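Note sheet for the following structure.
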Amino acid sequence: QPHLVDSGGGVVQPGGSLRLACEPSGFSLEWYAIGWFRQGPGKAREGVSCISWNGDETAYSDSVKGRFTIFRSTPENPVYLQMNNLKTEDTAVYFCAAASVCEGTFNAERYYPWGQGTQVTVSS
């Protein structure tokens with residue numbers, strides 16, 4: 001089955017930074033929008049950011065706007081999520097997923113396939 005491989009998580013102190021990566025396995029990222037979601041302890045899955053197939057459009061949740069940046073060099077290249085000024089509330093398992101379009105509503109049902117998840121822990 002085609003799937004995505006997400007990586008780059010780790011343990012950092014508040015104010016630290018991490019860069020997550022999303023790469024395909026079994027298919028090409030060309031023509032696909034990519035979104036990042038997260039699920040923290042005791043919380044529901046929520047959308048974090050997405051980027052259109054050509055990188056011309058991006059969206060961010062209010063909680064990460066100004067701190068996180070999603071980018072891709074070309075439609076074929078991996079998608080990255082640069083996370084700066086991390087807060088304890090950012091602690092979660094982060095998943096990347098593919099979709100036809102990037103929407104600020106972050107409808108998870110529109111995304112397939114998904115990565116396995118990478119753990120981000122922000123703690124002092």
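Remember, it's a predicted structure, so these values are computed and weren't measured experimentally. Just so it is clear, the values below take in all heavy atoms, side chains as well, and ignore hydrogens, waters and symmetry mates.
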Considering all heavy atoms, the nearest [X]-[Y] contact:
X: Ala59; Y: Gly104; answer: CB-CA, 4.0 Å
X: Phe106; Y: Cys50; answer: CE2-N, 3.8 Å
X: Cys96; Y: Asp6; answer: N-OD2, 3.0 Å

Distance-only polar pair, side chains of [X] and [Y], donor-acceptor under 3.5 Å:
X: Gln119; Y: Thr121; answer: yes
X: Asn54; Y: Ser52; answer: yes
X: Ser61; Y: Ser63; answer: yes

Side chain to side chain, [X] and [Y], heavy atoms closer than 4.5 Å:
X: Val79; Y: Ile51; answer: yes
X: Pro14; Y: Lys87; answer: no
X: Gln82; Y: Phe71; answer: yes
X: Trp31; Y: Trp53; answer: yes
X: Val122; Y: Gln13; answer: no

Check the hydrophobic clustering (I, L, V, M, F, W, Y; side-chain heavy atoms under 4.5 Å; chains of links allowed) and say if [X] and [Y] are grouped together.
X: Leu4; Y: Leu20; answer: yes
X: Val12; Y: Val48; answer: yes
X: Trp114; Y: Tyr32; answer: no
X: Leu81; Y: Leu18; answer: yes
X: Val120; Y: Val93; answer: no

If you draw a 6.0 Å radius around [atom1] in [X], do more than 12 non-hydrogen atoms from other residues or ligands fall strictly inside?
X: Glu57; atom1: CD; answer: no
X: Tyr60; atom1: OH; answer: yes
X: Arg110; atom1: CZ; answer: no

Measure the [atom1]-[atom2] distance between [X] and [Y] for me, rounded to the nearest 0.5 Å.
X: Asn77; Y: Glu30; atom1: CG; atom2: CD; value: 10.5 Å
X: Thr91; Y: Arg38; atom1: OG1; atom2: CZ; value: 9.0 Å
X: Ile70; Y: Met83; atom1: CD1; atom2: CE; value: 11.5 Å
X: Ser49; Y: Lys65; atom1: OG; atom2: NZ; value: 10.0 Å

Check: In terms of the angle between their ring planes, are Phe68 and Tyr94 parallel, tilted or perpendicular, with boundaries placed at 30° and 60°?
Finding: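 Aromatic pair Phe68/Tyr94 classed tilted.
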Next item on the list: Determine, step by step, whether Leu29 and Arg72 satisfy the side chain to side chain contact (heavy atoms under 4.5 Å, CB included) criterion, reporting the C-alpha distance in whole Å, the side-chain angles of both residues, the deciding distance to 0.1 Å, and the verdict.
Entry: CA-CA 10 Å; Leu29 289 181; Arg72 64 199 304 176; 3.8 Å; yes
Notebook entry, point to check: With distance as the sole test, does Glu103 use its side chain to make a donor-acceptor pair with the main-chain N or O of Asn107 at under 3.5 Å?
Noted result: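 No: the side chain of Glu103 does not pair with the backbone of Asn107.
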Next item on the list: Could you tell me whether Tyr111 and Phe95 have their ring centroids closer than 6.0 angstrom?
Entry: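 Between Tyr111 and Phe95, the centre distance exceeds or equals 6.0 Å.
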Note to self: Given the ring of Trp36, does Arg19 sit roughly above its face, with NZ or CZ under 6.0 Å from the centre of the six-membered ring and within 45° of the axis?
What the structure shows: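 Here Arg19 fails the 6.0 Å and 45° test against Trp36.
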